Peer 1: 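This structure is in structure tokens; I'll ask about it shortly.
Given the structure is predicted, the values throughout are model-derived calculations rather than measurements. Residue numbering restarts at 1 for every chain, and letters A, B, ... go by the order of the sequence lines.
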Number of protein chains: 2
Amino acid sequence: MKRPTLEVVAARAGVSKSSVSRVVNGETTVAPEIRDVVMRAVRELGYVPNAAARNLVTRRTDAVAVVVSDPPKGVVSDDPLFSTVVRTVSRELEAVGRRVVLILAESDESRARVERYVAGGHVDGVMLVALHGADPLPAALARMGLPVASFNRTAATDVPYVALDNAGGAELAVRHLLERGRRRIATITGPLDLYEARERLEGYRATLRDTGRRSIVALGDFTRVSGAEGMRQLLEDDPDVDAVFAANDLMAIGALRTLHQAGRRVPEDVAVVGFDDIEAAAYTTPALTSVRSSMADQATATVRLLLALIEGGPRKPVIMPNELVVRESS
Amino acid sequence: MKRPTLEVVAARAGVSKSSVSRVVNGETTVAPEIRDVVMRAVRELGYVPNAAARNLVTRRTDAVAVVVSDPPKGVVSDDPLFSTVVRTVSRELEAVGRRVVLILAESDESRARVERYVAGGHVDGVMLVALHGADPLPAALARMGLPVASFNRTAATDVPYVALDNAGGAELAVRHLLERGRRRIATITGPLDLYEARERLEGYRATLRDTGRRSIVALGDFTRVSGAEGMRQLLEDDPDVDAVFAANDLMAIGALRTLHQAGRRVPEDVAVVGFDDIEAAAYTTPALTSVRSSMADQATATVRLLLALIEGGPRKPVIMPNELVVRESS
DNA sequence: CAGCCGTCAGGGAGCGCTCCCTCACCCTTT
DNA sequence: AAAGGGTGAGGGAGCGCTCCCTGACGGCTG
């Protein structure tokens, strides 16, 4: 299965390697008749340029690494975020003719591998999805001098990122619940080593504080299970709770389940609002009110940011707006 | 940010390029003292071999393409399958030191690109996830002479694949419902251009036929919406239906929602069994009984198959067993 | 002690491509 | 008509690496 080379194509077309190269790369300074004869030869031989040889000299790969840094049972790995982000990113990069090298960095060992890989010149840039604040990878990659864009805010302040207006979203949710006449509004938080989780909690707290109400907080970790557990605890701590703002939809779904089991009606007894507006939110019973953050838009924005960086654009963060999608649960 | 080359390392270590190459590639025919001095130089300079140059001469890339072929709103793109497969595959390949190039082939145009890409020698093999029977990609890739393994059975009979025992799984589900004393057992099918869907339907039919019962069939397409719709139709066609076997969990979830809205109790009035045992199955109300097919295991098996093919192994299919996970819905 | 063989370091060709440079040719301009 | 300029093709170096081949050296054998 020997593939033809530039040289073979050149010989067949009766022109020089240079000319074939020019045609293949779409340069305009080629006479039409040469173009045609080369194109014919290319087609006849089924010529496809060798990627390695090309990379070697041009120093660009047209590939981008998408690094998802997360422990095996972590937050990112959960379906909605992972697949939405990966799919959106892939689509977006495909559209500009770039390839996606997907790397799941689940251990320190694989994180080290990522660094080696990136250093090996396999990719033109890195898109990072590393939600944990303590993750050392963002800083490490930033040091390598290759363009890096993060899907979210990280501890490495020199890595350009895209971020949601988390506090704003939480405020949206809480104000909505207040307007619905709720008095005892609780929250189930995400893991507090994540900016997202902290900011959402802060938005919740600030909004309640502004209206002279007190916070009722249960700690979760963005998983369904922790949402169910958090709700159980809230009901125990404060049986009169009449609304819950869950810091993500997965936890809201867990909370719905607990409420159902506890015999509380939603939204009559307890209103529930989630965050993220994942697809499943529309299919719960009752359908879930949620802060729409559009991870897809955020992912798209991150890709655009990365592409801009690769082209030498400015290293500045992007903040995404969000809105409330009101459904049956509130 | 100029990275050091072999030559620089050699100069620093005071040895030849060949020796450095030998050390870097872990060959054993190197004197320990040379090994040490080279290693030191490598470390001091932060040397990482240039991938392109290496590929160019060795003709291997240590990368594998994972091609997910599916229309934008298709079945595969749905969360559970997509993320489970992608994540499992990535983990498995990472473990053997290979990279994943993820390609979503959502249009004919991008399918053509996949072929060019693969022909360009970017990867050592291709793992294919192309559920649609009519998909031309499997056959096209098979023709290229590169190792290809498919996550599922395809129309291209010369592509080695991994498959579930779909008919067996359906039989498991139906027999379970019969044992529970159900008399009018309906099914909601997947899109019938998929082997999976056809085989599950056939298993359902055969089992009912064997026990002298008749089939009650609604057509679905593996989406939640179609499950809800299919259930609606079944209730209309045959109000006495007392059990439903949905050909996947997503549709079962849709069916649960319809049943809830129609005021039927699950499982008292209507028992529901799904297929796939996705994570969400445990979180529905009531929790869903499902045929556990372990997409993760199937994905792992496919990777193993592909790796074996790359090493020159035999091109034969692998069939996975499955089991029934009984929960509250039946 | 001479000759042989095995071991291991170094030299260098060449993988397929791009891109700089040279040069041929033709069209203008004076 | 000669010189100048512009256009576009061809030649060839070199990207960083691997791997074949050569040759030096030391240890054996006869």
Peer 1: Between atom NE2 in His122(B) and atom C1' in dC17(C), what is the gap in whole Å?
Peer 2: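 Distance check: His122(B) NE2 to dC17(C) C1' gives 13 Å.
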
Peer 1: Is there a side-chain contact between Asn50(B) and the phosphate of dC15(D), meaning an N or O under 4.0 Å from OP1 or OP2?
Peer 2: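 False: Asn50(B) side-chain N/O out of range (4.0 Å or more) of dC15(D) OP1/OP2.
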
Peer 1: Any side-chain N or O of Arg59(B) less than 4.0 Å from the OP1 or OP2 oxygen of dG16(C)?
Peer 2: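 Result: yes.
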
Peer 1: Please state whether the base of dC19(D) and the side chain of Ser21(B) form at least one donor-acceptor pair under 3.5 Å?
Peer 2: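 When only heavy-atom distances are counted, Ser21(B) does not reach the base of dC19(D) through any donor-acceptor pair under 3.5 Å.
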
Peer 1: Using a heavy-atom cut-off of 4.0 Å across all strands, would you classify Asn25(A) as base, sugar-phosphate, or nothing?
Peer 2: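 If one applies the 4.0 Å heavy-atom cut-off, Asn25(A) turns out to touch the sugar-phosphate alone, with no base involved.
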
Peer 1: Between dC8(C) atom P and Glu33(B) atom CD, what is the distance in whole Å?
Peer 2: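 So the CD-P distance, Glu33(B) to dC8(C), works out to 11 Å.
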
Peer 1: Would you mind reading off the distance between Arg60(A) atom CZ and dC19(C) atom C1', rounded to a whole angstrom?
Peer 2: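 These atoms are roughly 15 Å apart.
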
Peer 1: Is it the case that Arg87(A) places NZ or CZ above or below the six-membered ring of Phe82(B), under 6.0 angstrom from the centre and within 45 degrees of the axis?
Peer 2: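 Yes, a cation-pi geometry.
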
Peer 1: So which one's nearest nucleotide on DNA chain C is more toward 5', Ser16(B) or Val48(A)?
Peer 2: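 On the 5' side of the pair lies Ser16(B).
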
Peer 1: Of all the choices, dG10(D), dG16(C), dC17(D), which nucleotide is nearest to the side chain of Lys17(B) once you look at every atom?
Peer 2: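 Nearest to the side-chain atoms of Lys17(B), counting from C-beta on, is dC17(D).
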
Peer 1: Quick one: do Arg98(B) and Asp124(B) make a salt bridge, cutoff under 4.0 Å?
Peer 2: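 Judged by the 4.0 Å cut-off on N to carboxylate O distance, Arg98(B) and Asp124(B) do form a salt bridge.
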
Peer 1: Just the rounded figure in Å: distance from P of dC15(D) to CG of Leu56(B).
Peer 2: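 Going from Leu56(B) (CG) to dC15(D) (P), I get 14 Å.
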
Peer 1: For a quick check under 3.5 Å, do Thr29(A) and Arg22(A) share a side-chain donor-acceptor pair by atom type?
Peer 2: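 Arg22(A) and Thr29(A) do not have a side-chain donor-acceptor pair below 3.5 Å.
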
Peer 1: Please report the shortest heavy-atom distance between Ile103(B) and Ala65(B), naming the atom on each side.
Peer 2: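 Closest approach of Ile103(B) to Ala65(B), heavy atoms only: CD1-CB, 4.4 Å.
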
Peer 1: Which comes earlier along DNA chain C counting from the 5' end, the contact point of Arg22(B) or that of Arg54(A), where each point is its nearest nucleotide?
Peer 2: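 The residue whose closest nucleotide sits nearer the 5' end is Arg22(B).
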
Peer 1: Any side-chain N or O of Ser18(A) under 4.0 Å from OP1/OP2 of dG10(D)?
Peer 2: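 Result: no.
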
Peer 1: If you restrict it to nitrogen or oxygen atoms, what contacts under 3.5 Å exist between nucleotides 6-8 of chain D and the protein, and what is each distance?
Peer 2:
none

Peer 1: Taking all heavy atoms of Ser110(B) and all of Glu94(A), pick out the closest pair and write down the distance.
Peer 2: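 Looks like CB-OE2, 2.9 Å.
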
Peer 1: What heavy-atom pair brings Val100(A) and Ser90(A) nearest, and what distance separates the two atoms?
Peer 2: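 Heavy atoms only, the tightest pair is CG2-CA, 3.8 Å.
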
Peer 1: Take atom CG of Leu6(A) and atom C1' of dC15(C), then tell me their distance rounded to the nearest Å.
Peer 2: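 The distance from CG of Leu6(A) to C1' of dC15(C) comes to 13 Å, rounded to the nearest Å.
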
Peer 1: In whole Å, I'd like the distance from the CG atom of Asn55(B) to the C1' atom of dC15(C).
Peer 2: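 Rounded to whole Å, this separation is 11 Å.
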
Peer 1: Indicate the atoms forming the closest heavy-atom contact of Arg3(B) with Ala119(A), along with that distance.
Peer 2: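 Scanning both residues completely, I find the closest heavy atoms to be CD-O, 3.2 Å.
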
Peer 1: Report the distance from atom CD of Glu27(A) to atom P of dC20(C), rounded to the nearest whole Å.
Peer 2: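 Going from Glu27(A) (CD) to dC20(C) (P), I get 10 Å.
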
Peer 1: Does Thr5(B) put a side-chain nitrogen or oxygen below 4.0 Å from OP1 or OP2 of dG16(D)?
Peer 2: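 Checking Thr5(B) against dG16(D): no side-chain N or O falls below 4.0 Å of OP1 or OP2.
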
Peer 1: Rounded to the nearest angstrom, tell me the gap between atom CD in Glu7(A) and atom P in dC17(C).
Peer 2: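 So the CD-P distance, Glu7(A) to dC17(C), works out to 9 Å.
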
